[in-house]
Engineer: 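Here you go, one structure.
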Protein chains: 2
Amino acid sequence: MSSPPTIEDVANRAGVSVATVSRALRDLPNVAPATRARVEAAAAELDYRPDPSASALASGRTKTIAMAVPMLDSWYFSKVMAGAETVLAAAGYDLLVFAVHNDDPGDRLLHRPVVRRADALIVVDIDISDEEAAELAASRIEVVAVGMKVPQMEAVVVDDHRVAFDATMHLVSLGHTRIALIGGVGEGRQQFSVPIERRAGFVAAMTAAGLALDEALIVDGGFSVAGGHRAMADLMDLTEPPTAVFAMSDEMAFGALRELWDRDMDAPADVSVIGVDNHDVADLVGLTTMQQQVVEHGAQAARLLLRHLLGEREGDDVHVHTGLIERSSTGPPRR
Amino acid sequence: MSSPPTIEDVANRAGVSVATVSRALRDLPNVAPATRARVEAAAAELDYRPDPSASALASGRTKTIAMAVPMLDSWYFSKVMAGAETVLAAAGYDLLVFAVHNDDPGDRLLHRPVVRRADALIVVDIDISDEEAAELAASRIEVVAVGMKVPQMEAVVVDDHRVAFDATMHLVSLGHTRIALIGGVGEGRQQFSVPIERRAGFVAAMTAAGLALDEALIVDGGFSVAGGHRAMADLMDLTEPPTAVFAMSDEMAFGALRELWDRDMDAPADVSVIGVDNHDVADLVGLTTMQQQVVEHGAQAARLLLRHLLGEREGDDVHVHTGLIERSSTGPPRR
DNA sequence: GCAAGCTATGTAAGCGCTTACACTCATGGC
DNA sequence: GCCATGAGTGTAAGCGCTTACATAGCTTGC
């Protein structure tokens, strides 16, 4: 007998029907304790594990959660993924991950075969059109968003407006008046709320502080180290460069720092730099940042989803908080 | 009709049998071009996508690859994952990821239900006993290892002995004689070849250089920033601290640098530090390192696996190479 | 012109589960 | 003592595909 044991093998060995085996092994009621024990013993002896495909086909539930991210090899997404996986694994769910490139607008989530494999979907920072959101809401699949806000979809949300406002205000309070923003919207992404909200928060803070808004100081860093590097180069090439920079992510801030060092400049002596995330190495390079509990974002999304799958839908977003961590990359402007 | 269309709906609409639909949609031979076109049109009109569970149950193939890593939120693993996902997605396979904590020896891979969902398994830096390796080899599941060498299992391998030898020799060539090793084996991991080989390479280089081996200079950094930090603290507290450190990973090297800076010391002025990986921020902090094409490790593993699944098994490991990237964290010892 | 050999298609038997429904006994209230 | 009740178990019908096998129609060679 080389192929794996089936439920029938277990039933024969335990001397009961397959239905009883199915019930016993899934802890359903109406199974006599003695029978349950016999079934469990038989299953253990045969090293039986139910076939997930068969189980999914018969029950309609896959016990799998899919997770869509713009890219797999980024610090933020791997943290979110880790947080979700821990919670899901504990609940007996498996995690199917896939990348959806935000710059490919034809790539509709629901058209991905992978989504059919899952009971639910966690979307992280994916640009979703209203139309697609409606399609998702109408589908069989439960969806929870992380990071961005999509109409009708529950989410683990950061108050991005406030994060940006606070970060900018930190620079303002140090005395800066010429403050740049390194953000990123990118080509295909229209609805992606994170950069939009953070930009709005930045603008609100500048306005609140009575500071002029110079469009030349708002540049795109594509949420990557390399992008932040380039963006900072552009800023420093201006005839009147900024004295402080708010980067929408630590990775872009790293790139910005790198560019300063390339120019034999330093933070905060020449330019103050603040990021968002509290990346693992932010501490190492002394980056002031708005801390996020990123692993917790994933864990919360997973918990929210599990509640949905149990039918408890209270329709409330989960709000996660941020806070300023002051390190050595920000300080008063040079006079 | 709220539930998704089935193959039967497509068959009715196209006026053929379900068998023909199945064949037409999977590009099998012996389908008349006109019929195929009609089936494809019907499928498109209904927005039909086959149910993966049903397909898996009937065919025995899930079109899914599972990937086991010690943890999801580490730079190295997320890169490997990304490399594999890109290749697998292009071939129509989905990626199921899960964490196997190396310090839990009771956690056998084959006993994980998740593995039953997959046609094949990529294991990355997982501590696998010979017994478990044999069990895997005998199973229905194809397995490819990344990073570590397991008997009977094809792998994407780094010549870890050489990496360590070369890194150590770089320090030796700069004139260092008191060289420390920050590595990591950890409790439960007995067979995990990466630290074992790297340690051997370190020892070989020291011996080749005619240098004394001081066991006090070999410390555990657990392959994390925090662990490297602690390890470096222990080293610097020695009555005779090292003048150079070889850390088995960049993340541990970052921790080591951090500890130096905490002590108002610097690399390479006080201690030279070299790592392995060429982590995204290694460049930023000027870390000398042994470069690895980590994304490529995952991609190669995926390609190897796809070949296996097509029945082409040539039994050859894929070797990936490393090279020294000299930056500012290494230099001659202070005299 | 006909058997042999194709190609194109259909028929139907599973794949290994879950679950609605039916059934058999105990048990208990009256 | 009888019927309603409910706990424990079995029977069997799917779930939506894949695929071995059967069949029907066309070529082709001689």
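Every chain is numbered from 1, with letters handed out A, B, ... down the list of sequences.
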Engineer: Do the side-chain N or O atoms of Thr20(A) get closer than 4.0 angstrom to the phosphate oxygens (OP1, OP2) of dT9(D)?
Structural biologist: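 Checking Thr20(A) against dT9(D): no side-chain N or O falls below 4.0 Å of OP1 or OP2.
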Engineer: Write down the distance between CZ (Arg61(B)) and P (dG16(C)), rounded to a whole number of angstrom.
Structural biologist: 14 Å
Engineer: So if I take every side-chain heavy atom of Ala58(B) and compare against dC17(C), dT19(D), dC15(C), which nucleotide ends up nearest?
Structural biologist: dC15(C)
Engineer: Applying a 4.0 Å non-hydrogen cut-off, can you work out what Arg116(B) is touching in the nucleic acid: base, sugar-phosphate, or nothing?
Structural biologist: nothing
Engineer: So, applying side-chain contact (heavy atoms from CB on, under 4.5 Å) with Leu304(A), which one of Asp316(A), Leu309(A), Val146(A), Val318(A) is it?
Structural biologist: Val318(A)
Engineer: Between Leu28(B) (CG) and dA8(C) (C1'), how many Å, whole number?
Structural biologist: 13 Å
Engineer: Let me spell it out: for each of Glu8(A) and Arg36(B), pick the nucleotide of DNA chain C with the closest heavy atom. Which residue's pick is nearer the 5' end?
Structural biologist: Arg36(B)
Engineer: With a non-hydrogen cut-off below 4.0 angstrom, is Asn30(B) in contact with a base, only sugar-phosphate, or nothing?
Structural biologist: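 The answer is base, as Asn30(B) lies within the cut-off (heavy atoms under 4.0 Å) of a base atom.
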Engineer: Between P on dT18(C) and CG on Leu25(A), what's the gap in Å once rounded to a whole number?
Structural biologist: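 One finds 9 Å between P of dT18(C) and CG of Leu25(A), rounded.
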Engineer: Would you check if Val10(A) and Leu46(A) make a side-chain contact, meaning some heavy-atom pair closer than 4.5 Å?
Structural biologist: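 Val10(A) reaches Leu46(A) side chain to side chain.
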Engineer: Could you check how far CD1 of Ile7(A) sits from P of dT9(D), rounded to whole Å?
Structural biologist: 15 Å
Engineer: For a quick check of understanding: with a heavy-atom distance under 4.0 Å over all strands, which category does Ala19(B) fall into, base, sugar-phosphate or nothing?
Structural biologist: base
Engineer: Counting the atoms with a prime plus P, OP1 and OP2 as sugar-phosphate, which does Ser53(B) contact under 4.0 Å by heavy atoms, base, sugar-phosphate, or nothing?
Structural biologist: nothing
Engineer: Less than 4.0 angstrom between a side-chain N/O of Arg49(A) and OP1 or OP2 of dG16(C), yes or no?
Structural biologist: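 For dG16(C), OP1/OP2 do not have a side-chain N/O of Arg49(A) under 4.0 Å.
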Engineer: About how many Å separate CD of Gln300(B) and CG of Asp317(B), when rounded to the nearest 0.5 Å?
Structural biologist: 11.5 Å
Engineer: By nearest heavy atom, map Val18(B) and Leu57(B) onto DNA chain C; which one lands nearer the 5' end?
Structural biologist: Val18(B)
Engineer: Lys63(A) has an atom NZ; how far is it from atom C1' of dC17(C), in whole Å?
Structural biologist: 15 Å
Engineer: Quickly work out the Arg38(B) CZ to dG10(C) C1' distance and round it to whole Å.
Structural biologist: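 Spelled out: CZ on Arg38(B) to C1' on dG10(C) is 14 Å.
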Engineer: Quick one: Asp51(B) CG to dG14(D) C1', roughly how many Å, whole number?
Structural biologist: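 It is 14 Å, rounded to the nearest whole Å.
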Engineer: Just to be sure I understand the rule, does Ser22(A) reach a base, reach only the sugar-phosphate, or reach nothing, if contact means heavy atoms closer than 4.0 Å?
Structural biologist: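 Touches a base.
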Engineer: Do Glu296(B) and Arg303(B) pass the side-chain contact (heavy atoms from CB on, under 4.5 Å) test, and can you show the C-alpha distance, the side-chain angles, and the key distance before you say yes or no?
Structural biologist: CA-CA 10 Å; Glu296(B) 202 49 32; Arg303(B) 290 191 204 105; 3.0 Å; yes
Engineer: Using the side-chain heavy atoms of Thr6(B), tell me which of these nucleotides is nearest: dC17(D), dC17(C), dT19(C).
Structural biologist: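 For the Thr6(B) side chain, the nearest candidate turns out to be dC17(D).
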Engineer: Mark yes or no for a side-chain to base donor-acceptor pair under 3.5 Å between Arg23(A) and dG10(D), with no hydrogen or angle criteria applied.
Structural biologist: yes
Engineer: A side-chain contact here means heavy atoms from C-beta on lying under 4.5 Å apart; do Val97(A) and Glu85(A) qualify?
Structural biologist: no
Engineer: Give a yes or no on whether a salt bridge exists between Asp119(A) and Arg61(A), defined as a side-chain N under 4.0 angstrom from a carboxylate O.
Structural biologist: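 No.
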Engineer: Taking 4.0 Å as the cut-off, does a side-chain nitrogen or oxygen of Thr35(A) come that near to OP1 or OP2 on dG8(D)?
Structural biologist: no
Engineer: Think Ser17(B) has a side-chain N or O under 4.0 angstrom from the OP1 or OP2 of dG10(C)?
Structural biologist: yes
